2 protein chains.
Amino acid sequence: MGTASKALSLLNYFSRAQSQIGLSDLARLSGMNKATVYRLMGELADHGFVEQVGAGREYRLGPAFLRLAALREKAVPMRELALAELTKLSELTGETSHMSLLNGEVLSNLTYSYAHKHGTMVMMEDAEVLELHSTGSGLAVLAFSPASFIDAILSKPLVARTPETVTDPAAIQALLPKIRKRGMAWSIGGYERDVYSHAVPIFDAGSQCIGAMAVAAPVSRMTDELRAMIQAELALAARRTTRVLGGFPPDSFPKINPTDSPVESELT
Amino acid sequence: MGTASKALSLLNYFSRAQSQIGLSDLARLSGMNKATVYRLMGELADHGFVEQVGAGREYRLGPAFLRLAALREKAVPMRELALAELTKLSELTGETSHMSLLNGEVLSNLTYSYAHKHGTMVMMEDAEVLELHSTGSGLAVLAFSPASFIDAILSKPLVARTPETVTDPAAIQALLPKIRKRGMAWSIGGYERDVYSHAVPIFDAGSQCIGAMAVAAPVSRMTDELRAMIQAELALAARRTTRVLGGFPPDSFPKINPTDSPVESELT
DNA sequence: ATGCATCGGTTCAATATTTGAACCATCGGT
DNA sequence: ACCGATGGTTCAAATATTGAACCGATGCAT
């Protein structure tokens with residue numbers, strides 16, 4: 001692993017739950033020498049990627065990310081485009097919708113939209129981490145990822161978030177062919193007890209799966225009717241999202257009923 | 001310079017104007033060897049900090065920044081807090097307000113707020129770059145920066161953005177004591193021809209100047225009355241912003257009339 | 001108060017990584 | 001068919017990285 005990669009990997013230890021980390025902790029977490037971490041963090045700090053705070057001299061993520069995220073979004077308005085689709089999706093379904101991107105071995109939430117139709121709704125946050133094995137979005141991504149990646153994920157210990165979480169690798173493997181055939185995954189209470197989630201993978205220009213779009217509803221509100229509506233609208237929204245992001249579903253990806261999705265001349 | 005710094009510095013060549021850069025261009029821009037750039041960009045790409053696009057294999061900023069920016073903002077809601085102040089400021093003054101952060105030798109815009117009082121207004125964008133010598137915000141920051149930093153900035157060639165831009169280092173040096181005394185800088189047409197800008201520095205917990213808050217109005221709309229109002233409100237808003245961000249103005253920073261800003265018991 | 005364990009930070013010789021000139025294969029324009 | 005550009009690759013030489021040990025300071029328990 002190159003030096004630059006080591007420095008960058010240090011940034012992955014910062015999370016929603018742990019936003020500040022001391023030098024020694026960071027050395028322990030990363031398994032690197034303290035002197036190494038010290039030097040690398042110093043370089044990251046020079047560029048505004050981290051900053052040291054207060055007495056404990058702990059590190060936290062720096063302001064440079066705001067600038068670079070703004071530039072990224074200006075160049076590739078993923079979040080904006082996804083949010084436009086999610087807003088429509090939430091209005092149509094009356095439920096929370098969100099989109100997340102694959103980042104290493106987990107998904108992290110890109111953006112989301114709430115519906116204001118009901119008194120209760122599934123909550124969501126930016127940069128929220130979703131595991132691949134225990135969420136609808138994760139299963140959707142897993143199903144359309146290379147076999148080697150799937151094996152790598154499923155060979156690690158799978159945490160049971162709820163009593164309903166499927167943690168048997170073989171059982172998860174058995175789900176994937178169905179998900180591939182449907183082009184959609186679902187998870188009932190696998191991550192949060194009361195959440196019924198549908199998810200469809202999103203692809204890039206090389207037909208690689210880069211994330212998923214999902215609709216999450218309280219289990220108690222799910223009916224056959226709502227399920228059918230979510231599935232229909234989500235499939236359309238996800239397909240549009242892949243397209244507006246400049247991506248293409250792989251050839252193996254199931255087509256939607258042509259009456260719902262008329263063939264369009266493909267430009268650019 | 002360490003290897004990690006070299007990798008990180010490559011990210012600085014991406015801008016609003018140039019969002020995609022090829023390998024050879026990047027090598028030329030950075031002065032590094034092509035093989036070095038190739039390897040470093042590969043490492044950045046592995047972590048999602050850049051991605052390669054299409055046929056030309058050009059690089060652009062990656063999606064990882066969206067995630068890390070969301071985490072940063074969750075940990076330190078600078079943008080959110082600043083925007084709250086800017087919104088009030090724009091409503092009060094009827095003009096565009098913005099806040100920018102020092103990044104190396106330039107300011108980059110953090111966030112902004114438009115007023116909707118007039119048919120015309122000064123436009124602003126996220127991550128827009130403001131030079132230190134030619135903008136009100138830049139002068140405000142410069143005046144409260146270490147002498148060595150000021151000298152470094154003013155010893156480089158100063159670009160004249162408009163005929164009104166002051167590009168004589170000595171003339172700029174002469175402005176700084178007044179700015180320090182007032183705690184506020186202004187620039188009339190120095191960056192964009194028709195923009196009259198007032199700016200106040202923002203400080204961190206160590207009383208270092210980290211950026212500036214500013215109000216930008218069309219020159220044609222400026223009156224003595226408006227100027228007085230902007231100066232009063234901006235001074236207050238900037239002071240509040242420094243405080244809510246956890247910072248402190250240096251002892252040398254001019255105090256506002258105590259009837260406007262009653263002493264508060266300082267907690268945390 | 002005393003001692004112990006931890007913290008952030010620093011040092012320097014041993015070591016592993018980075019570097020860069022030269023080299024491909026490929027593409028597009030002349 | 002050529003030329004000059006591109007992205008990508010190689011390998012010995014040069015250089016940056018590494019990590020155990022050390023430092024002073026701080027905090028916690030005895």
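Throughout, protein chains are lettered first and strands after them, A, B, ... in sequence-line order, and every chain is numbered starting at 1. Quantities reported herein were computed from a predicted structural model and do not represent experimental measurements.
Between A:Arg57 and C:dC7, a side-chain N or O to OP1/OP2 separation shorter than 4.0 Å is absent. Residue A:Arg39 places at least one side-chain N or O closer than 4.0 Å to OP1 or OP2 of D:dT18. Close to D:dG7, at under 4.0 Å from its OP1 or OP2, lies no side-chain N or O of B:Tyr38. Proximity of B:Tyr59 to the phosphate of D:dG8: a side-chain N or O atom is located under 4.0 Å from OP1 or OP2. Under 4.0 angstrom from either OP1 or OP2 of C:dT6 there lies no side-chain N or O belonging to A:Arg28. Within the structure, every side-chain polar atom (N or O) of B:Gln52 is placed at least 4.0 Å from both OP1 and OP2 of D:dT6. Neither OP1 nor OP2 of D:dA16 sits under 4.0 Å from any side-chain N or O of A:Thr3. The phosphate of D:dG7 (OP1 or OP2) has a side-chain N or O of B:Ser24 nearer than 4.0 angstrom.
For the atom pair CG (B:Leu61) and OG (B:Ser15), the distance works out to 9.5 Å, reported to the nearest 0.5 Å.
The distance from atom CE of A:Met41 to atom C1' of C:dG8 is 13 Å, rounded to the nearest whole Å. Atoms CG (A:Leu40) and P (C:dG9) sit 14 Å apart, rounded to a whole Å. Rounded to an integer number of Å, the gap from NZ of B:Lys6 to C1' of D:dA16 is 8 Å. The distance between atom CG of B:Leu23 and atom P of D:dT9, rounded to the nearest whole Å, is 10 Å. Atom CD in A:Glu43 sits roughly 16 Å away from atom P in C:dT17 (whole-Å rounding). The CD-P distance, from B:Glu58 to D:dA5, rounds to 17 Å in whole Å. In this structure, B:Met32 places its CE atom 17 Å from P of D:dG8, rounding to the nearest Å.
At a threshold of 4.5 Å between non-hydrogen side-chain atoms, the residues A:Ser19 and B:Lys74 do not count as touching.
Side-chain to base pairing of B:Lys34 with D:dG8: one donor and one acceptor N or O lie within less than 3.5 Å of each other.
Residue-to-nucleotide proximity on DNA chain C shows that, of A:Gly2 and A:Asn33, the 5′-proximal contact is made by A:Asn33. Taking the nucleotide of DNA chain D with the nearest heavy atom to each of B:Gly22 and B:Ala35, the more 5' of the two is matched to B:Gly22. Where B:Met1 and A:Ile21 meet DNA chain C, the nucleotide closest to each residue was compared, and A:Ile21 sits on the side nearer the 5' end.
Pairing for D:dT9 is with C:dA22, a Watson-Crick or G-U wobble pair whose two hydrogen-bonding atom distances lie under 3.5 Å.
Ring centroids of A:Phe14 and A:Tyr59 are separated by 6.0 Å or more, keeping the two rings apart. Less than 6.0 angstrom separates the ring centroid of A:Phe65 from the ring centroid of A:Phe49.
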**Item:** Steps toward side-chain contact (heavy atoms from CB on, under 4.5 Å) verdict (B:Val76, A:Val53)
**Value:** CA-CA 11 Å; B:Val76 191; A:Val53 58; over 6 Å; no

